[in-house]
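Predicted, not measured: the structure shown is a model, and the values here were computed from it.
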Amino acid sequence: MFGASHARLGRMLIQRGGLLLCAVLACTSVSAVQNTRDLSTIENLIRSRQYDRAVQAARKQLRQTPGNYRLWTLEGIALSLNGSAPDAISAFEKALRLSPNYLPALKGEVQLLYISGDKRAIPLLEQILKTDAADSTAHEMLATLKRKQGDCTGAVAHFAVIADKLDKHAGSLEAFGDCLVQLQRYTEAVPVFEKLVAAVPEQSYPRYDLALVLVSAKQYDLALQAITPLVAAQTRDPEVLSLASEINETLGNTLQAVELLRQAIVLSPSTPDYYVSFATLCLDHDSFQTGIQMMDVGLQNAPGSAALYLSRGLLHAQLAEYDAAEVDFRKAEQSDSRQSLSAYALDLAEMQKNNPQRALEQVQAQVKEHPESPLLNFLLAKLLMDGTPASDSTEFKQAMQSVQRAVQLKPDLVDAHDLLASMYMSTGKYDRAVDESRISLNYAPADESATYHLLIALRHTGHKDELPALVKRLSQLHQDSLKKETDRKRLRLEIVQAPPASGEPSALP
């Protein structure tokens, strides 16, 4: 279903059905007096809510004049008001086959289709706008449906036409702003979310969304103004506190940022993201030991978190504690080993959780059918290595053969080079691990895995002069990755999209 609140606009048919009836009669020629009387009779039955009788009267007349599109439209109106949507749509469609541009039939069918989010309403709304380009409700409905279909560019184009009429339409403001954010048009999204805050002042989430958009637009002072009332209200929402911490740190309010992040951790102690953000603060301010202590706490509450192991490894590396850093980097890699590529691989990873042997057998069968597929060869190697086989085992040797085949078939398959580097390190072949890591970084300079593989491998080959620069580079990559995660934070979008409520413009003439 399209959402219960979408029905409000559709139900305008009931609240303003008389307007459609008037439109039907207004289209009647003066010479068709008897026809006008017949239409008027049916109209009066509908006005008095005698829908069954109205349908019977319309059908009686249609047996005599089946080509009368106005009668078909009246039947559609009566049926829709009586709750018979499928039959009503059929009646409207018959009217439109007879008169394709007849607005009452167009709008009647649109409203019924719109309630359920049926995309068949889209061409009808476009047809309405060809006749009346200023129809604000048609623009709003069309924008909503286009967003539902994933066409944010089209949705924004229609929302923009009626932007000055959306001040009280919270659902549409939310949809408009969300699409602008998806299109990364953050500056344009700011005034939309400001209107949303004004439209529902009793709700907290619009302020959070506004602050998030202002951060994306790099308007940090305004972002702080937006989120401060939520913090001042002693919120117990850790996401609000985390975002407020990030904003304060950007503005140089580090002590406040630390305190807010501590509060977020207390409220949600098993959420790795908050500990990772704390590690970032420690990396920025050379508080490495404090960061390590907090990561220890994080791993007690979120054991096995790859992000926490990686963060702690970075902090150890900053203190030149390379043995401890290497242990954490390896644990991070093991914890994150089930990350794969493509939709097929994601399905495979899910299967592997429940039945790893079946997942392995499926990929082995696929490789037999498609031996020239670099992705399948890589996936086979990855699945085999997920079992952490001994380096002299059959599984390890098969994995090595498959991953080498993958990079031979596709030299720029970075994940395969990363896996190969990890396997070389596990067998003590650090020189070859260096080569594979450099290949990965040549194709993907921001590859964190390749960077810490290179750091570990160079350390074991005695090339320690590169380590400080690599630690600094890895720290920056990690922080950039966290920033991208912040940018990807979803708007809260708590209102179910709902164009006009009662008393607002409707699609009826």
Side-chain angles (χ1 to χ4, degrees), residues 249 254 258 261 265 272-300 302-337 339 414-415 417-426 428-442 444-485:
E249 172 63 9
T254 300
V258 170
L261 205 48
I265 289 171
D273 287 353
Y274 305 144
Y275 295 98
V276 172
S277 296
F278 193 92
T280 301
L281 287 175
C282 292
L283 287 165
D284 284 344
H285 298 282
D286 297 340
S287 299
F288 308 127
Q289 193 59 50
T290 300
I292 289 169
Q293 292 170 357
M294 184 61 87
M295 295 310 102
D296 291 342
V297 174
L299 284 164
Q300 290 174 13
S305 168
L308 294 183
Y309 280 123
L310 180 55
S311 295
R312 193 172 68 178
L314 279 169
L315 291 160
H316 279 302
Q318 291 285 358
L319 293 172
E321 297 172 350
Y322 295 117
D323 287 336
E326 182 174 342
V327 170
D328 278 340
F329 290 153
R330 289 189 184 279
K331 287 181 178 178
E333 193 166 39
Q334 291 168 4
S335 297
D336 211 21
S337 66
Q339 287 190 359
V414 171
D415 287 337
H417 287 290
D418 287 344
L419 178 59
L420 195 49
S422 178
M423 293 176 70
Y424 281 139
M425 286 195 298
S426 69
K429 298 177 180 178
Y430 291 103
D431 285 330
R432 302 191 71 172
V434 168
D435 293 339
E436 293 301 326
S437 299
R438 293 197 191 281
I439 292 171
S440 289
L441 291 169
N442 182 53
D447 184 351
E448 286 185 74
S449 294
T451 306
Y452 64 70
H453 285 159
L454 183 58
L455 190 156
I456 294 170
L458 285 172
R459 175 172 172 265
H460 282 276
T461 56
H463 296 85
K464 297 183 179 181
D465 53 321
E466 291 187 51
L467 298 189
L470 276 173
V471 169
K472 185 176 180 181
R473 173 63 176 156
L474 184 56
S475 178
Q476 186 59 54
L477 288 174
H478 191 52
Q479 292 182 56
D480 289 346
S481 177
L482 293 175
K483 180 63 172 65
K484 289 178 182 177
E485 286 301 314

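For Ser475 (side chain) and Val471 (main-chain N/O), no donor-acceptor pair under 3.5 Å exists by modelled atom type.
Val276 and Ala307 make their closest contact through CG2-CB, 3.8 Å (heavy atoms, listed as atom of the first residue, atom of the second, distance). Across Ala444 and Val414, no two heavy atoms sit closer than the pair CB-CG2, 4.0 Å. In terms of heavy atoms, Met425 sits closest to Ala433 at CG-CB, 3.5 Å. Of all heavy-atom pairs spanning Ala457 and Val434, the tightest one is CB-CG2, 3.5 Å. A pairwise comparison of heavy atoms in Tyr274 and Ile265 identifies CB-CG1, 3.6 Å as the closest pair.
Between the side chains of His463 and Thr461, at least one donor N or O lies within less than 3.5 Å of an accepting N or O.
Once rounded to the nearest 0.5 Å, the distance linking OG of Ser311 with CD1 of Ile292 reads 11.0 Å. Annotation: the span from Cys282 atom SG to Gln293 atom CD amounts to 9.5 Å, rounded to 0.5 Å. The CE atom of Met295 lies 9.5 Å from the OG atom of Ser305; values are rounded to the nearest 0.5 Å. Residue Leu474 holds its CG atom at 9.5 Å from CG of Leu283, rounded to the nearest 0.5 Å. Put simply, NE2 on His478 and CG on Leu310 are 4.5 Å apart, with the number rounded to the nearest 0.5 Å. The line from OG1 of Thr451 to CG of Leu441 is 4.5 Å long, rounded to the nearest 0.5 Å.
Between Asp418 and Glu333 there is no side-chain heavy-atom pair separated by less than 4.5 Å.
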Verdict with supporting geometry, Tyr424 and Asp431, side chain to side chain contact (heavy atoms under 4.5 Å, CB included):
CA-CA 8 Å; Tyr424 281 139; Asp431 285 330; over 6 Å; no
Please report the C-alpha distance between Asp447 and His453 in whole Å, then the side-chain angles of each, then the deciding distance to 0.1 Å, and finally whether the side chain to side chain contact (heavy atoms under 4.5 Å, CB included) criterion is met.
CA-CA 10 Å; Asp447 184 351; His453 285 159; over 6 Å; no
Verdict with reasoning, Val258 to Phe278, per side chain to side chain contact (heavy atoms under 4.5 Å, CB included)
CA-CA 7 Å; Val258 170; Phe278 193 92; 4.0 Å; yes
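Residues passing the side-chain contact (heavy atoms from CB on, under 4.5 Å) test with Asp284 are Glu249, Thr280, Gln479, sequence neighbours excluded. When the ring-ring contact (aromatic ring centres under 6.0 Å, His included) test is applied to Tyr452, the partners found at least two apart in sequence or on another chain are Phe329. When the ring-ring contact (aromatic ring centres under 6.0 Å, His included) test is applied to Tyr430, the partners found at least two apart in sequence or on another chain are His460. Considering only residues two or more places apart in sequence or on other chains, Arg432 meets the salt bridge (Lys or Arg N to Asp or Glu O under 4.0 Å) condition with none of them.
Under the salt bridge (Lys or Arg N to Asp or Glu O under 4.0 Å) criterion, the residue pairs touching residues 461-475 are Arg438-Glu466, with sequence neighbours excluded.
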Donor-acceptor list for residues 312-323 side chains, cut-off 3.5 Å, not counting sequence neighbours:
from: Arg312; atom 1: NE; to: Asp328; atom 2: OD1; distance (Å): 3.4
from: Arg312; atom 1: NE; to: Asp328; atom 2: OD2; distance (Å): 2.8
from: Arg312; atom 1: NH1; to: Asp296; atom 2: OD1; distance (Å): 2.7
from: Arg312; atom 1: NH2; to: Asp328; atom 2: OD1; distance (Å): 2.8
from: His316; atom 1: ND1; to: Glu321; atom 2: OE1; distance (Å): 2.6
from: Asp323; atom 1: OD1; to: Arg459; atom 2: NH1; distance (Å): 3.3
from: Asp323; atom 1: OD1; to: Arg459; atom 2: NH2; distance (Å): 2.3

